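Worksheet: one structure, shown below.
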Protein chains: 2
Amino acid sequence: MKVSSRGEYALRALIALGLQEGNVSTIADISGQTLVPVAYLEQILLQLKMLGYLKSKRGKNGGYMLAKAPDQIVIGDVIRSLEGPLAPMGCVSITSYEACPLEGTCLLKPFWALIRDSIAQLLDQTTLAHLIERKL
Amino acid sequence: MKVSSRGEYALRALIALGLQEGNVSTIADISGQTLVPVAYLEQILLQLKMLGYLKSKRGKNGGYMLAKAPDQIVIGDVIRSLEGPLAPMGCVSITSYEACPLEGTCLLKPFWALIRDSIAQLLDQTTLAHLIERKL
DNA sequence: GATTATGTTGACTAACATACTCAGGTATCG
DNA sequence: CGATACCTGAGTATGTTAGTCAACATAATC
C-alpha cells in the first residue's frame with residue numbers, strides 16, 4: 001500500500017510553494033527545502049505544471065509558483081494524477097475500473113470497496129491548505 | 001495504493017479453503033475456484049503454510065486445509081506478511097519504521113499517519129470469518 | 001512394492017516500474 | 001551578450017511482479 005517517492009516529492013514541492021505565498025521559487029530552492037534531487041525534481045515540477053497545479057517563469061529571476069489557491073488543490077487529485085487510481089484493486093476503482101472474472105461471487109470485492117472508500121474519502125477531503133495550516 | 005496479485009490470490013485461496021470447512025482441497029481444486037495459475041498458486045499456498053495459516057497433506061488424497069479457525073485469521077496480518085507494511089510511507093509505519101530527514105518539520109507526516117490508521121483499522125478488525133459470512 | 005496422485009523445492013525469466021542522471025536546448029532579464 | 005533560469009528527451013541501474021519449469025519427495029492404493 002505504499003506511496004511512491006514521486007508522489008511524496010510532488011506533495012513536498014506543493015507544500016514548499018504553498019508556504020511561499022506568491023513568490024517564485026527556483027528548482028534549486030525547492031530542492032533545498034524538500035531534499036529532492038534537482039534533476040528529478042525538475043521532472044516532477046514539470047508534470048505538476050502540465051497538470052495545472054503550477055505556473056513557471058523562465059529566465060533570470062524565474063522559478064515556480066502555485067497556479068491555484070492551496071484550498072483548490074485536492075490531495076486525492078494530485079495522487080491520482082501521479083500514481084494512478086486510489087483503489088487497491090481494479091475491480092473497485094471508480095476512475096479506472098477493470099473487470100474481474102470472479103466479479104459476481106467474489107467475497108473480497110465488497111471489502112476492497114470499503115478500503116477504497118476510506119482512502120478516497122480522506123484524500124479527497126484534504127487540500128493543500130489543510131496540510132499547510134496543519135488542520136487535518 | 002494497489003494490492004499485488006499475490007495478496008489478492010492469497011486471500012482468494014484462504015476464502016476458498018474457509019468455505020470447505022475442514023475438507024482438504026488440492027491445488028488444482030483451489031486453482032479452479034480462484035482462477036489463479038496452478039504453478040503460481042503452489043508458491044503462495046506454500047508461503048501461507050509456512051506462515052501458519054494452512055496445513056497440508058502430501059500424497060494421494062492430499063491437499064491443503066486451514067490451520068486456524070477463520071475468525072482467528074486477521075486480514076491485516078495476512079496482507080502484512082505478503083506485502084509488507086500497511087503504511088503508505090516508512091515514516092509512519094509501526095511494523096517497519098524508517099526515519100526521514102524532514103521528520104520534525106514535515107507537514108505530510110501527520111497526514112500519512114491518518115491514512116495508515118484508517119487502513120490498518122479496517123484490515124486489522126476484519127477476519128477471514130467476516131469475509132466468508134459477508135459481515136463487514 | 002509399483003504406480004500414481006499429490007505437495008515441495010529452487011532456479012529461472014520476461015516485462016514492467018521506480019528513481020533517478022545527463023546532455024543539450026530555449027526563453028528572459030540585466 | 002551572457003548569465004540564469006526552466007524545458008525536453010533519452011538513457012540507465014535496480015528492483016519488483018507475476019509468473020513458468022524441471023525435478024524431487026511423500027503417501028495412499030491396488
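Keep in mind it's a predicted model, so treat the numbers as computed, not measured. Throughout, a chain's letter reflects where its sequence line sits, starting with A, and its residues are numbered from 1.
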According to side chain to side chain contact (heavy atoms under 4.5 Å, CB included), who are the partners of [X], at least two apart in sequence or on a separate chain?
X	value
B/A129	B/P70, B/D71, B/T127, B/E133
A/S4	A/R6, A/E83
B/T105	none
A/L123	A/I79, A/L86, A/I119, B/F111, B/I115

Measure [atom1]/[X] against [atom2]/[N] and give the value in whole Å, please.
X	N	atom1	atom2	value
A/L41	D/dA5	CG	P	15 Å
B/Y40	D/dA18	OH	P	5 Å
B/L45	D/dG19	CG	C1'	15 Å
B/I44	D/dT20	CD1	C1'	13 Å
A/Q47	D/dT8	CD	C1'	14 Å

List, with names and distances, any nitrogen or oxygen atoms from the protein found under 3.5 Å away from nitrogen or oxygen atoms belonging to nucleotides 9-16 of chain D.
residue, atom, partner, partner atom, Å
D/dA10, N6, A/Q43, NE2, 3.4

Which residue pairs pass the salt bridge (Lys or Arg N to Asp or Glu O under 4.0 Å) test when at least one of the two sits in residues 109-126 of chain A, sequence neighbours left out?
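Residue pairs passing salt bridge (Lys or Arg N to Asp or Glu O under 4.0 Å), neighbours aside: A/R80-A/D124, A/E103-A/K109.
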Which is true for A/K49 with a 4.0 Å heavy-atom rule: it touches a base, it touches only sugar-phosphate, or it touches nothing?
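If one applies the 4.0 Å heavy-atom cut-off, A/K49 turns out to touch the sugar-phosphate alone, with no base involved.
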Which of residues 16-32 of chain A sit near DNA chain D, with a heavy atom under 4.0 Å from it?
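Listed by number, they are A/S25, A/T26, A/I27.
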Please list, in numerical order, the residues of residues 91-101 of chain A that have a heavy atom closer than 4.0 Å to any atom of DNA chain D.
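Within this stretch, nothing sits under 4.0 Å of the strand.
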Using only atom types and a distance under 3.5 Å, with no angle test, would you say the side chain of B/S56 pairs donor to acceptor with the backbone of B/G63?
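No; judged by distance alone, with no hydrogens or angles, the pair does not exist.
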Span of DNA chain C, from the first to the last nucleotide whose atoms fall under 4.0 Å of chain B heavy atoms:
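Contact span on the strand: C/dA5 to C/dA11.
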Hey, which of B/D29, B/I27, B/L41 is the one that makes side chain to side chain contact (heavy atoms under 4.5 Å, CB included) with B/Y64?
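Result for side chain to side chain contact (heavy atoms under 4.5 Å, CB included) with B/Y64: B/I27.
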Side chain of A/E42, base of D/dC6: donor and acceptor closer than 3.5 Å?
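It does not, because no donor-acceptor pair links the side chain of A/E42 to the base of D/dC6 below 3.5 Å.
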Is there a side chain to side chain contact (heavy atoms under 4.5 Å, CB included) between A/I30 and A/V38 once you walk through the steps?
CA-CA 9 Å; A/I30 303 171; A/V38 173; over 6 Å; no
When the nearest nucleotide of DNA chain C is assigned to B/Y64 and to A/V38 on a heavy-atom basis, which residue is associated with the more 5' position?
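Result: B/Y64.
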Side-chain heavy-atom pair B/L108, B/L102 within 4.5 angstrom cut-off
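The answer is no; the side chains never approach within 4.5 Å.
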Can you tell if the side chain of B/P85 reaches within under 4.5 Å of the side chain of A/K2, non-hydrogen atoms only?
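The answer is yes, as the side chains (C-beta and beyond) meet within the 4.5 Å cut-off.
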Could you list the donor-acceptor pairs under 3.5 angstrom formed between side-chain atoms of residues 9-23 of chain A and any protein atom two or more places apart in sequence or on another chain?
residue, atom, partner, partner atom, Å
A/R12, NE, A/E8, OE2, 2.8
A/R12, NH1, A/T34, O, 2.7
A/R12, NH2, A/E8, OE2, 3.2
A/N23, ND2, A/Q20, O, 3.4

So, for [X] and [Y], which heavy atoms are closest and what is the spacing to 0.1 Å?
X	Y	value
B/P37	B/S31	C-OG, 4.2 Å
A/C91	A/C100	CB-CB, 4.3 Å
A/P110	A/C106	CD-O, 3.7 Å

CD (B/Q125) with more than 12 external heavy atoms under 6.0 Å
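Enclosed.
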Side-chain N or O of B/Y9 versus OP1/OP2 of D/dG19: is the shortest distance under 4.0 Å?
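Yes, B/Y9 has a side-chain N/O under 4.0 Å of OP1/OP2 on D/dG19.
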By side chain to side chain donor-acceptor pair (under 3.5 Å), which residues pair with B/S118, not counting sequence neighbours?
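B/S118 satisfies side chain to side chain donor-acceptor pair (under 3.5 Å) with A/S118 only.
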Atom pairs under 3.5 Å, N or O on each side, protein against nucleotides 28-30 of chain D: can you list them with distances?
residue, atom, partner, partner atom, Å
D/dA28, O3', B/N61, ND2, 3.1
D/dT29, OP1, B/N61, ND2, 3.0

